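Counting from 1, the numbers follow the sequence of the chain as shown. From a predicted model like this one, the values you see are computed outputs, not experimental measurements.
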Amino acid sequence: WAEIVFLYDPALTRDVVRMVGEASDAAPLNRLHRVLDQRDGHRLAASVEGAKIGLSSAPTYDLALDFLEAGFHLPLTVEALEAALADAEAALTAEVRRCIDLAGVKGQDIEAVILTGGSSLMPLVQRAIAAGVPEAKLTPFDAFGGVAAGLAWQAKLLFDA
């Protein structure tokens with residue numbers, strides 16, 4: 001998110017324009033050029049985030065991208081999202097297990113896991129965590145405010161004089 005502004009480098013825009021002229025199908029590159037030219041990277045990222053949220057509670061999501069091209073939309077499915085993220089799910093499961101090992105406990109001894117952060121609402125994320133702590137009850141808690149509250153609490157500990 002914080003690095004999106006670096007995509008607006010004029011050299012990158014020139015490269016995209018050059019590639020448009022060389023492409024057999026210029027439509028995707030024209031859309032990329034529009035994102036760069038209109039500085040719509042954050043808008044695109046927010047649209048993708050909306051799709052992720054939508055697919056956390058429904059099997060399909062229609063990602064409207066009219067700001068890139070009139071009538072342009074992408075029909076998305078949970079199955080496609082999960083196929084695209086299969087390696088990430090495996091890596092997350094491995095990290096959960098590594099964290100448990102580093103803590104010196106056994107996954108089956110953990111009774112509860114508090115889920116916070118928007119991504120914790122994704123079934124894929126919950127499956128990855130459950131694989132590492134099979135006996136734990138997964139409990140969502142203030143998915144969108146919990147991370148900010150935790151950061152504020154840590155900042156108070158670090159900087160409160």
Side-chain angles (χ1 to χ4, degrees), residues 1-99 113-132 138-156 158-159:
W1 185 265
E3 295 180 12
I4 289 173
V5 296
F6 298 114
L7 294 174
Y8 305 134
D9 182 321
L12 177 60
T13 301
R14 283 191 300 274
D15 287 344
V16 170
V17 169
R18 180 185 48 77
M19 289 187 286
V20 165
E22 299 170 1
S24 59
D25 179 9
L29 289 167
N30 280 325
R31 288 190 290 266
L32 174 59
H33 181 253
R34 194 166 296 115
V35 168
L36 299 175
D37 189 54
Q38 299 299 314
R39 298 186 183 274
D40 270 338
H42 288 93
R43 185 176 182 185
L44 178 59
S47 296
V48 171
E49 176 73 8
K52 181 193 81 170
I53 292 167
L55 289 172
S56 291
S57 60
T60 62
Y61 186 87
D62 190 55
L63 177 58
L65 297 168
D66 289 331
F67 65 94
L68 295 178
E69 181 179 297
F72 184 57
H73 68 100
L74 295 172
L76 304 172
T77 65
V78 169
E79 292 82 16
L81 174 65
E82 292 193 354
L85 295 176
D87 290 342
E89 180 177 1
L92 179 56
T93 298
E95 285 302 311
V96 168
R97 290 184 174 134
R98 188 170 88 76
C99 181
V113 174
I114 305 300
L115 302 173
T116 190
S119 294
S120 72
L121 299 176
M122 296 176 67
L124 176 146
V125 171
Q126 292 181 11
R127 280 195 314 270
I129 294 169
L138 303 183
T139 305
F141 176 78
D142 194 10
F144 299 106
V147 173
L151 290 170
W153 179 77
Q154 184 64 24
K156 180 173 177 14
L158 292 174
F159 303 109

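Of all the heavy atoms in Ala128 and Glu89, the pair that sits closest is CB-O, 3.8 Å. Between Leu7 and Leu12, the shortest heavy-atom contact is O-CD2, 3.2 Å. Residue Glu79 comes nearest to Pro59 through the heavy atom pair OE1-O, 4.4 Å, listed as atom of the first residue, atom of the second, then distance. Counting all heavy atoms, side chain and backbone alike, Leu63 lies closest to Ala51 at CD1-CB, 4.2 Å. Looking at every heavy atom in both residues, Val96 comes nearest to Gly132 through CG1-CA, 3.8 Å. Closest non-hydrogen pair, Ala23 versus Leu29, comes out as CB-CD1, 3.7 Å.
Remark: the backbone N or O of Ser120 is paired with a side-chain donor or acceptor of Gln126 at under 3.5 angstrom. Checked by atom type and distance alone, the side chain of Arg97 pairs as donor or acceptor with a backbone atom of Ala131 at under 3.5 Å.
Proximity of Met122 to Leu85: side-chain heavy atoms (C-beta onward) are separated by under 4.5 Å at one or more points. Arg43 places none of its side-chain heavy atoms less than 4.5 Å from the side chain of Val35. Taking 4.5 Å as the limit, every side-chain heavy atom of Thr60 sits out of range of all side-chain heavy atoms of Pro75.
Summarising the local packing, CD of Gln154 is surrounded by more than 12 heavy atoms from other residues, nucleotides or ligands at distances under 6.0 Å. Counting heavy atoms of neighbouring residues, nucleotides and ligands inside a 6.0 Å radius, atom OH of Tyr8 exceeds 12 of them. Atom CG of Asp62 is surrounded by more than 12 heavy atoms from other residues, nucleotides or ligands within 6.0 Å. Heavy-atom neighbours of Arg98 CZ from other residues, nucleotides or ligands within 6.0 Å: at or below the threshold of 12.
Atom CG of Leu55 sits about 8.5 Å away from atom OH of Tyr61, to the nearest 0.5 Å. For the atom pair Arg14 CZ and Met19 CE, the distance stands at 12.5 Å (nearest 0.5 Å). Going from atom CG of Leu74 over to atom OG of Ser47 covers 10.5 Å, rounded to the nearest 0.5 Å.
Between Leu115 and the options Leu121, Ile129, Val125, a side-chain contact (heavy atoms from CB on, under 4.5 Å) holds for only Ile129. Among Leu65, Ile4, Leu32, the single residue meeting the side-chain contact (heavy atoms from CB on, under 4.5 Å) criterion with Leu44 is Leu65.
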Item to complete: Go through His42 and Val5 one step at a time and tell me if the side-chain contact (heavy atoms from CB on, under 4.5 Å) criterion holds.
Response: CA-CA 8 Å; His42 288 93; Val5 296; 3.8 Å; yes

